[in-house]
Amino acid sequence: MLLRLPTSVSEAQECMAEGAVPIGGATLIWATWQRDGFPEQAMSLRDLPEANTIGRETLGGAVILNRIDDRVPEALRRAAATVGTGAVRRTATVGGNIVGSTLRCLLPASLVLEARAVVLDPDSVYETDLTEVLAKGHLLLGLRWRDPITSAYRKLPGEAGGPPPLVVAAALHTADTGETRLRVAVRDGYDVITECTEYDSDSGQVLDDLRRTAVGALHATAWEAVHELVTDLLSRPSGR
């Protein structure tokens, strides 16, 4: 297998056009290749600058999870810190977790940040929503979002060999009109749902509003986790 390491977007597109299979840290596909055979060409974006950005409003798809630090909002940072083991986090990438994994631990955090996906294909680079990326398995160049007021993330303890641990994420945003909204996402099993409600400093009202959404219709354990996370988020001084 020939591993190609493009250093520009145009070179990466050329690799794709020539049939190179995109990989990240290969943590999710190596065993499959060992069983079914290796492709002739593979491509990693680890040397592509556009895929390695880290900032308050951007995160590259080739960023290794253990590189994610306080330059990104809290929800994404905590999500990355809870993925797998230290060995996995030193190899797995943002794009691999969101697009290639069935667990997608970074997805709830990305959704509450209202992140948009920057997609690379052989002919163009464009921005789209995460729903399309997941449905079509696009190559994720990176994520972009507007810096939230504050955000939070929590993964409940799970049992070895059991179902995926419950994940809850939330973020407060200020709209251009000055209004504030709260977005919440929950991963229950392999499904992720997200809801949004207005927030005007009344935490009791916002929880009542959430209770009437699909998030509120989840089982008691999930709702309790949402209630605790949102209450903690809204109690922070100045919302931060």
Side-chain angles (χ1 to χ4, degrees), residues 1-7 12 15 20-39 41-55 58-113 115 117 120 130 133-134 137-143 151-169 185 187-192 225:
M1 181 181 73
L2 173 65
L3 176 62
R4 303 179 67 173
L5 302 170
T7 58
C15 292
V21 178
I23 62 171
T27 56
L28 298 170
I29 57 177
W30 195 260
T32 301
W33 284 351
Q34 288 181 312
R35 184 190 67 228
D36 300 336
F38 289 77
Q41 296 184 67
M43 175 184 69
S44 169
L45 301 183
R46 70 188 186 195
D47 291 341
L48 182 64
E50 291 88 345
N52 283 279
T53 57
I54 306 176
T58 183
L59 185 63
V63 171
I64 303 301
L65 298 187
N66 74 343
R67 290 181 54 211
I68 298 175
D69 54 25
D70 59 7
R71 285 173 287 180
V72 306
E74 179 181 329
L76 265 179
R77 183 174 72 253
R78 291 188 180 278
T82 65
V83 174
T85 64
V88 169
R89 293 191 293 274
R90 288 191 293 271
T91 307
T93 64
V94 171
N97 183 270
I98 292 177
V99 183
S101 170
T102 56
L103 293 177
R104 300 183 173 119
C105 295
L106 300 188
L107 181 59
S110 301
L111 289 173
V112 299
L113 294 178
L120 176 68
L130 286 168
V133 173
L134 299 181
H138 290 310
L139 178 55
L140 185 68
L141 190 60
L143 300 171
S151 66
Y153 179 97
R154 186 171 299 161
K155 178 188 283 187
L156 273 62
E159 297 180 5
L166 184 81
V167 166
V168 179
R187 187 190 72 190
D188 184 26
Y190 293 97
D191 297 324
V192 178

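Bear in mind the structure is a predicted one, so any value in this text is a computation, not a measurement.
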Please give me the minimum heavy-atom distance between Asn97 and Ser101, naming the atom from each residue. O-CB, 3.2 Å

Supply the atom-to-atom distance Leu111 CG to Arg187 CZ, rounded to the nearest 0.5 angstrom. 12.5 Å

Any side-chain heavy atom of Leu76 sitting closer than 4.5 Å to one from Ser110? yes

Please round to the nearest 0.5 Å and tell me the distance separating atom CG of Leu113 and atom CG of Leu143. 9.0 Å

Please tell me if the side chains of Tyr153 and Pro73 come closer than 4.5 Å, counting only heavy atoms from C-beta onward. no

Nearest 0.5 angstrom please: Gln41 CD to Arg4 CZ, how far? 5.0 Å

Side chains of Val167 and Thr82: does their closest heavy-atom pair fall under 4.5 Å? no

Heavy-atom pair with the smallest gap, counting every atom of Ile68 and Ala80: CD1-CB, 3.6 Å

Rounding to 0.5 Å, atoms CZ (Arg67) and CG (Asp69) come to a distance of 8.5 Å

Going through the distances and angles, do Leu139 and Met43 end up as a side-chain contact (heavy atoms from CB on, under 4.5 Å)? CA-CA 11 Å; Leu139 178 55; Met43 175 184 69; 3.8 Å; yes

Quick check for you: to the nearest 0.5 Å, what is the distance between Ile98 atom CD1 and Leu134 atom CG? 8.0 Å

Partners meeting salt bridge (charged side-chain N to carboxylate O under 4.0 Å, His left out) with Asp191 (sequence neighbours left out): none

Which atoms form the tightest heavy-atom contact between Leu65 and Val94, and what is the distance? CD2-N, 3.9 Å

Determine whether His138 and Leu140 make a side-chain contact, defined as any pair of heavy atoms from C-beta on separated by less than 4.5 Å. no

Heavy-atom closest pair, residues Leu156 and Pro165: O-CB, 3.1 Å

Within the structure provided, determine whether Val21 and Met1 are in side-chain contact (heavy-atom separation under 4.5 Å). no

How far does CD1 of Ile54 sit from CD1 of Ile64, to the nearest 0.5 angstrom? 10.0 Å

Nearest heavy-atom approach of Ala152 to Ala75 is O-CB, 3.7 Å

Salt bridge (Lys or Arg N to Asp or Glu O under 4.0 Å) contacts in which one or both residues fall within residues 76-101, not counting sequence neighbours: Glu74-Arg78

Taking all non-hydrogen atoms of both residues, which atom of Ala79 and which atom of Val83 are closest, and how far apart? O-CG2, 3.4 Å

